[in-house]
Amino acid sequence: MKPGKVDFTAIPDDGVTWTLLGTLYLRAYESHLPRPILGDHYAVGAVERIEYDFDKLKRRVKPSANQFLVALRAVQLDDWSRAFLEREPEAVVVHLGCGLDSRMLRLDPRGARRWFDVDRPHVIDLRRQIYPEQGDYTMIGTSVTDEGWLADLPADRPALIVAEGLFPYLAETEIRRLLRRLTDHFPSGELLFDGVAPWMVRVSKPFVWSTRDGQDIERMNPRLTLAEQVPITAHRDRIPTRGYRACYGFLNTIPAMRNSSVDYRFTF
Ligand SMILES: C[S@@+](CC[C@H](N)C(=O)[O-])C[C@H]1O[C@@H](n2cnc3c(N)ncnc32)[C@H](O)[C@@H]1O
């Protein structure tokens with residue numbers, strides 16, 4: 001990680017960009033637990049580097065409760081990623097809407113594989129101040145919905161495509177076109193992402209896209225085959241705090257809550 005402070009206050013207040021600090025902060029917070037689920041110590045280092053009113057952010061993201069949501073989601077996507085990369089050592093990784101997430105350090109600490117982290121240009125400008133671009137690791141500053149950025153990526157190998165906390169912020173037509181471009185570009189691979197239920201879009205303002213289940217995505221792009229869909233409460237046994245474990249157990253009995261956030265794995 002690079003030294004020196006990073007000023008986050010210059011970031012445009014577009015209603016979405018601050019969310020990357022929310023998830024980063026929650027991962028850092030969770031790593032302080034005696035037995036963390038994810039234990040992302042890189043997130044701690046990144047938070048320490050950023051000039052921001054984290055007390056205000058803390059009131060907004062309510063870390064005691066929400067740290068588990070973010071850690072369970074990240075660990076599921078990390079576990080699926082690791083399994084795929086073990087099966088496909090030559091695969092490239094395309095991490096969409098990466099924000100300030102340290103997934104490349106968690107999964108490929110020596111920068112040994114072709115790995116592309118993609119987010120909007122102002123986010124990538126910040127990211128470059130925190131994480132070095134080394135080895136075969138590349139950052140791309142673009143909207144994922146722009147055409148063209150995929151053209152420079154290798155098209156002759158399988159791809160692991162990960163989009164965490166991204167699709168709910170995009171319009172359905174944007175997601176459809178993006179998925180089409182990805183499955184047209186790469187010969188095969190896996191797509192991992194999380195989606196929210198329709199009622200979440202009604203109550204959470206920045207969200208615009210929801211999905212009822214994985215078959216919606218297969219209909220959207222017939223090249224994608226649903227392999228697994230895992231509700232956020234599925235791995236509640238990993239929660240180290242008895243009270244929150246019981247709370248997630250209760251939420252798991254209510255279908256609307258269980259399916260409020262679901263992790264998806266597709267093959268193509
Ligand atoms: C909730 S944050 C998640 C960040 C990161 N994946 C994580 O888990 O910490 C949403 C991210 O999506 C990015 N994003 C939203 N719309 C985007 C777009 N059209 N193109 C690229 N990135 C986008 C935001 O800049 C932000 O980094």
Side-chain angles (χ1 to χ4, degrees), residues 6 8 10-31 37-38 40 42-47 50 52 57 60-61 63 66-78 80-81 93-107 115-131 138-150 153 160-179 181-182 191-196 200-201 204-209 232 261 263-264:
V6 176
F8 200 87
I11 279 289
D13 187 10
D14 56 10
V16 174
T17 305
W18 77 271
T19 63
L20 71 88
L21 268 195
T23 47
L24 181 75
Y25 181 76
L26 290 169
R27 284 191 294 273
Y29 191 93
E30 195 267 346
S31 78
I37 299 168
L38 183 69
D40 183 0
Y42 299 109
V44 179
V47 164
I50 296 169
Y52 196 73
L57 185 80
R60 198 166 178 180
V61 299
N66 289 329
Q67 61 183 327
F68 301 116
L69 278 178
V70 166
L72 286 170
R73 180 174 81 184
V75 95
Q76 175 66 85
L77 299 181
D78 278 6
W80 280 338
S81 298
V93 182
V94 186
H95 190 199
L96 303 171
C98 57
L100 296 179
D101 185 24
S102 67
R103 176 158 285 119
M104 82 298 182
L105 292 172
R106 299 199 299 272
L107 300 187
W115 185 302
F116 300 91
D117 269 353
V118 188
D119 207 303
R120 290 198 166 116
H122 59 269
V123 174
I124 292 299
D125 286 348
L126 271 180
R127 196 178 166 88
R128 286 202 167 102
Q129 295 176 55
I130 296 179
Y131 301 109
T138 307
M139 303 184 209
I140 303 175
T142 179
S143 170
V144 296
T145 60
D146 284 355
E147 292 194 21
W149 62 269
L150 254 176
L153 272 57
L160 173 68
I161 300 157
V162 188
E164 179 172 6
L166 171 67
F167 287 175
Y169 299 106
L170 303 181
E172 178 150 331
T173 47
E174 293 176 324
I175 297 172
R176 184 190 302 275
R177 285 189 200 127
L178 171 62
L179 296 182
R181 284 201 294 276
L182 288 163
L191 166 72
L192 315 178
F193 68 92
D194 57 291
V196 297
M200 290 281 284
V201 172
S204 301
K205 194 155 175 286
F207 293 157
V208 292
W209 180 77
I232 195 69
S261 174
D263 297 325
Y264 294 97

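Just so you know, ligand 1 is whichever comes first in the structure, and atom 1 is the first atom listed for that ligand. Side chains included, hydrogens not; waters and symmetry mates left out as well; all remaining heavy atoms used.
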Item to complete: Give the ring-plane orientation class for F193 versus F167, where under 30° counts as parallel, over 60° as perpendicular and anything between as tilted.
Response: tilted

Worksheet item: Should R103 and D78 count as an ion pair when the cut-off is N to O under 4.0 Å?
Response: yes

Fill in: Distance, nearest 0.5 Å, that separates CG of L126 from CG of L21
8.0 Å

Worksheet item: Measuring from D125:CG to R127:CZ, what's the distance to the nearest 0.5 Å?
Response: 12.5 Å

Worksheet entry | From L72, D194, V70, residue fulfilling side chain to side chain contact (heavy atoms under 4.5 Å, CB included) relative to I232 | L72

So what's ligand 1 close to, N/O to N/O, under 3.5 Å?
| from | atom 1 | to | atom 2 | distance (Å) |
| --- | --- | --- | --- | --- |
| ligand 1 | 6 (N) | G97 | O | 2.8 |
| ligand 1 | 6 (N) | E164 | O | 2.8 |
| ligand 1 | 8 (O) | R27 | NH1 | 3.3 |
| ligand 1 | 9 (O) | T23 | OG1 | 2.7 |
| ligand 1 | 9 (O) | R27 | NH1 | 3.2 |
| ligand 1 | 9 (O) | R27 | NH2 | 2.8 |
| ligand 1 | 19 (N) | S143 | OG | 3.0 |
| ligand 1 | 20 (N) | V144 | N | 2.9 |
| ligand 1 | 22 (N) | D119 | OD1 | 3.3 |
| ligand 1 | 25 (O) | D119 | OD1 | 2.6 |
| ligand 1 | 27 (O) | D119 | OD2 | 2.6 |

Worksheet item: So Y169 and T19, side-chain contact (heavy atoms from CB on, under 4.5 Å) or not? Walk me through it.
Response: CA-CA 11 Å; Y169 299 106; T19 63; 3.5 Å; yes

